[in-house]
Amino acid sequence: MDTQCIRPSPHSWWCLLVASSVAYGGELSAGTTLKICDDSQEWPPFTYAVRDANGERTQQLAGYSIDVLHAILDKAKIRFEVKLLPWSRCLAEAKLGRNYQLLQNVSNSTERARDYWVTRPYYWLTSHYFYSLRRFPEGLKVDTLEQIRQFKVCGIRGYNYEHYGYPAGTMDQDAGNFQTVIKRLHLRSCDVFFEKIEVMEGFKAVGIDYFSDPELASAPVPGMEPTPFHFLISRGYPQGKALMNLLDDGIQNLEKSGRLQRLWRATFPNSSQPR
């Protein structure tokens, strides 16, 4: 038996004993092709479109998450295809398990744990709060997450903010992308948004430098532990449990062998995973 733990909020874990399987034959056979969707605005350096010599997006996708999938699925002779969609649509379609069976780069929530099989984490990221110096010219220093929540917080449509204390439907999430939510900060229609600093900095690799904006500032969320990220498999996919077992075993083997850390270092040469 393995222990599977999920963290629906910063203050609690759910842990279940689940059966671990090493035999996937008959349920998830070699030659299977998995359809995966991810966010169309990208999540670099974990999943992003490779740019050509002119800086234009190509159809080729790369990133840490794709490397991890290859490390696990190639060995099992299972192929996969990744398509970038608007995130809310990706979640809705993958939930059904027909057109897409798997999500990558996903933090967990109560709603997602109900709709998907959730793998063990395969990376952890650091939360920052972002604000506009137009609104806070002297900076915005807080000592607790609760102090941040006194301000008007906004987010991106379909993103998960439960680990900050905002269950689905309790936050203004009208923005469809990072550009819009940053614009809202500068227009003072909201005060703060949360995001993972590794991703915001990762956009530099695809030619987008949010930190070139002199009026955008950020700081670590006080007392916030690194957030785990998972693969999610549709509960509507008949082979979903077998796929979860395969991915869980694969992640665990990559951890034990040190290869997961090597893949991380290839992406972030100067750092270890924040855990």
Side-chain angles (χ1 to χ4, degrees), residues 24 28-52 55-108 112 115-125 156-160 176-178 196 198-199 202-203 205-208 228-240 242-251 254 259-260 263-264 266-268:
Y24 312 104
L28 192 64
S29 58
T32 298
T33 298
L34 297 172
K35 299 296 182 67
I36 303 169
C37 65
D38 206 338
D39 192 353
S40 58
Q41 72 168 328
E42 304 174 278
W43 189 251
F46 301 95
T47 304
Y48 61 93
V50 175
R51 268 54 175 182
D52 63 19
E56 299 296 324
R57 285 174 60 159
T58 69
Q59 296 299 310
Q60 181 184 352
L61 299 180
Y64 172 84
S65 293
I66 291 175
D67 292 342
V68 170
L69 283 174
H70 274 300
I72 298 171
L73 298 180
D74 289 359
K75 186 176 180 180
K77 295 181 168 48
I78 293 173
R79 297 186 293 271
F80 65 92
E81 301 171 359
V82 182
K83 186 171 183 180
L84 303 185
L85 301 174
W87 186 236
S88 294
R89 178 185 163 195
C90 179
L91 288 167
E93 292 212 24
K95 177 180 174 180
L96 299 175
R98 293 194 290 268
N99 295 329
Y100 302 96
Q101 297 84 45
L102 182 66
L103 297 169
Q104 55 188 15
N105 305 311
V106 192
S107 62
N108 201 9
R112 291 173 179 178
D115 296 335
Y116 303 91
W117 299 109
V118 181
T119 70
R120 64 188 296 134
Y122 67 105
Y123 67 90
W124 291 254
L125 296 183
I156 295 175
R157 196 174 304 120
Y159 279 29
N160 172 35
N177 52 48
F178 290 118
K196 306 299 181 285
E198 294 89 351
V199 173
F203 273 98
V206 294
I208 303 170
F229 281 76
H230 314 258
F231 296 110
L232 267 57
I233 304 108
S234 171
R235 289 182 181 265
Y237 178 47
Q239 291 78 36
L243 177 56
M244 185 186 74
N245 290 336
L246 172 60
L247 291 172
D248 274 349
D249 288 350
I251 294 166
L254 290 175
R259 188 175 177 190
L260 194 68
L263 290 172
W264 180 269
T267 306
F268 296 95

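Position 1 is the first residue of the sequence; numbering continues from there.
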Side chain to side chain contact (heavy atoms under 4.5 Å, CB included), that's the test. Do F231 and L69 meet it? Break it down for me.
CA-CA 10 Å; F231 296 110; L69 283 174; 3.7 Å; yes

Tell me, yes or no, whether the heavy-atom count around R98 atom CZ, taken from other residues, nucleotides or ligands under 6.0 Å, exceeds 12.
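Counting other residues, nucleotides and ligands, CZ of R98 stays at 12 neighbours or fewer.
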
Crowded around K196 NZ? As in, over 12 foreign heavy atoms under 6.0 Å?
yes

Do [X] and [Y] make a side-chain contact, defined as non-hydrogen atoms from C-beta onward lying under 4.5 Å apart?
{"X": "E81", "Y": "T33", "result": "yes"}
{"X": "L232", "Y": "D115", "result": "no"}
{"X": "L260", "Y": "Y123", "result": "no"}
{"X": "F203", "Y": "V206", "result": "yes"}
{"X": "Y237", "Y": "L34", "result": "yes"}
{"X": "F229", "Y": "W43", "result": "yes"}

For the pair E93 and N99, evaluate side-chain hydrogen bond (donor to acceptor under 3.5 Å, both in side chains) and give the outcome as yes or no after the intermediate values.
CA-CA 7 Å; E93 292 212 24; N99 295 329; 3.1 Å; yes

Separation of [Y] [atom2] from [X] [atom1] (nearest 0.5 Å):
{"X": "Y159", "Y": "F178", "atom1": "OH", "atom2": "CZ", "answer": "4.0 Å"}
{"X": "L243", "Y": "W117", "atom1": "CG", "atom2": "CH2", "answer": "11.5 Å"}
{"X": "D248", "Y": "I233", "atom1": "CG", "atom2": "CD1", "answer": "7.5 Å"}
{"X": "Q239", "Y": "L28", "atom1": "CD", "atom2": "CG", "answer": "6.5 Å"}

Does the side chain to side chain contact (heavy atoms under 4.5 Å, CB included) test come out yes or no for R57 and E42, once each step is laid out?
CA-CA 11 Å; R57 285 174 60 159; E42 304 174 278; 3.5 Å; yes

Would you please say whether a donor-acceptor pair under 3.5 Å links the side chains of N105 and D38?
yes

So among N108, L102, L103, which one has a side-chain contact (heavy atoms from CB on, under 4.5 Å) with V106?
L103

Classify the angle between the aromatic ring planes of F46 and Y64 as parallel (below 30°), tilted (30 to 60°) or perpendicular (above 60°).
perpendicular

Verdict with reasoning, L246 to L73, per side chain to side chain contact (heavy atoms under 4.5 Å, CB included):
CA-CA 8 Å; L246 172 60; L73 298 180; 3.9 Å; yes

